[in-house]
Amino acid sequence: PFGERELLGIFDATAAATIVSDRDGAILFASRQVESLLGHPASTLIGQPIDTLVPQSSQYFREELRHQLTLAQQPRTLGDVGAPVMALHKDGRMLSISMQLHPLASDDGMLFIASLRDASSRMSMEKETQRLSREHIDAEESLRQTLLQLQTLLRTTPTAIALVRGSTFISCNPAMHATGGYYIAAD
């Protein structure tokens, strides 16, 4: 039903950067979105090894993953949870990406379809959420410590202090109790 031109058009119309490689890692197709994500014009990647887009430190991982995909023949998502997947931009920058890998048996052998998305903004949001959570925990601990210090100060100061809300007497410290006989509420 679809010819090669229509299929390539479908890949180019998707939001994700899409790369198709063969079993040996040679790039057979790269969508236009690959250029906006990784800086490489799609046409310059055809025939290049997938290693062009993989940092040197991750190349063993890539080979092992491709082997596992060939055996399992199941799609796999990487970079969404836990350790990020890194890609190499044309200018040398490392980018955090999420990637869906799909093995596809074809008449010409096993193909691998990789859909790539920039995960750096998601990772930045996760780091910010973790930072805010730590700040919240630190603020709660600081408040708890301040309250303990205030309670100690109120109990030990020789100055008579009464806590009043509106016109209602709430509590007093020992000095106030000693001078006026007021009741000291339990903490």
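For clarity, every value in this text was computed on a predicted model and none was experimentally measured. Every heavy atom of this structure was used, including side-chain atoms; hydrogens, water molecules and symmetry mates were not.
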Using the side chain to side chain contact (heavy atoms under 4.5 Å, CB included) rule, take Ile161 and Met176 through it: C-alpha gap first, then chi angles, then the decisive distance, then the call. CA-CA 6 Å; Ile161 300 173; Met176 181 73 166; 5.7 Å; no

Please step through side chain to side chain contact (heavy atoms under 4.5 Å, CB included) for the pair Ile19 and Ile113, ending with a clear verdict. CA-CA 6 Å; Ile19 297 172; Ile113 303 168; over 6 Å; no

Can you list the steps and then say if Leu148 with Gln151 is a side chain to side chain contact (heavy atoms under 4.5 Å, CB included)? CA-CA 5 Å; Leu148 286 173; Gln151 287 172 346; 3.9 Å; yes

Quick one: do Leu38 and Leu88 satisfy side chain to side chain contact (heavy atoms under 4.5 Å, CB included)? Show the steps, please. CA-CA 7 Å; Leu38 300 176; Leu88 190 59; over 6 Å; no

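Ile137 and Leu132 fall into different hydrophobic clusters, where Ile, Leu, Val, Met, Phe, Trp and Tyr residues are linked whenever their side-chain heavy atoms come under 4.5 Å apart, directly or through other members.
For Arg144, the salt bridge (charged side-chain N to carboxylate O under 4.0 Å, His left out) criterion is met by Glu141, not counting sequence neighbours. Applying the side-chain contact (heavy atoms from CB on, under 4.5 Å) criterion to Gln130, with sequence neighbours excluded, gives Arg134. Under the salt bridge (charged side-chain N to carboxylate O under 4.0 Å, His left out) criterion, Glu140 pairs with no residue, sequence neighbours left out. Qualifying side-chain hydrogen bond (donor to acceptor under 3.5 Å, both in side chains) partners for Glu35, counting only residues two or more places apart in sequence or in other chains: none. For the salt bridge (charged side-chain N to carboxylate O under 4.0 Å, His left out) test, residues two or more places apart in sequence or in another chain that qualify with Asp91 are Arg93.
Listed by first and then second residue, the ring pair (Phe, Tyr, Trp, His ring centres under 6.0 Å) pairs involving residues 128-153 amount to none (not counting sequence neighbours).
Residues Thr52 and Leu45 have side chains in contact (heavy-atom distance under 4.5 Å, counting atoms from C-beta outward). A heavy-atom distance below 4.5 Å is not found between the side chains of Asn173 and Arg155.
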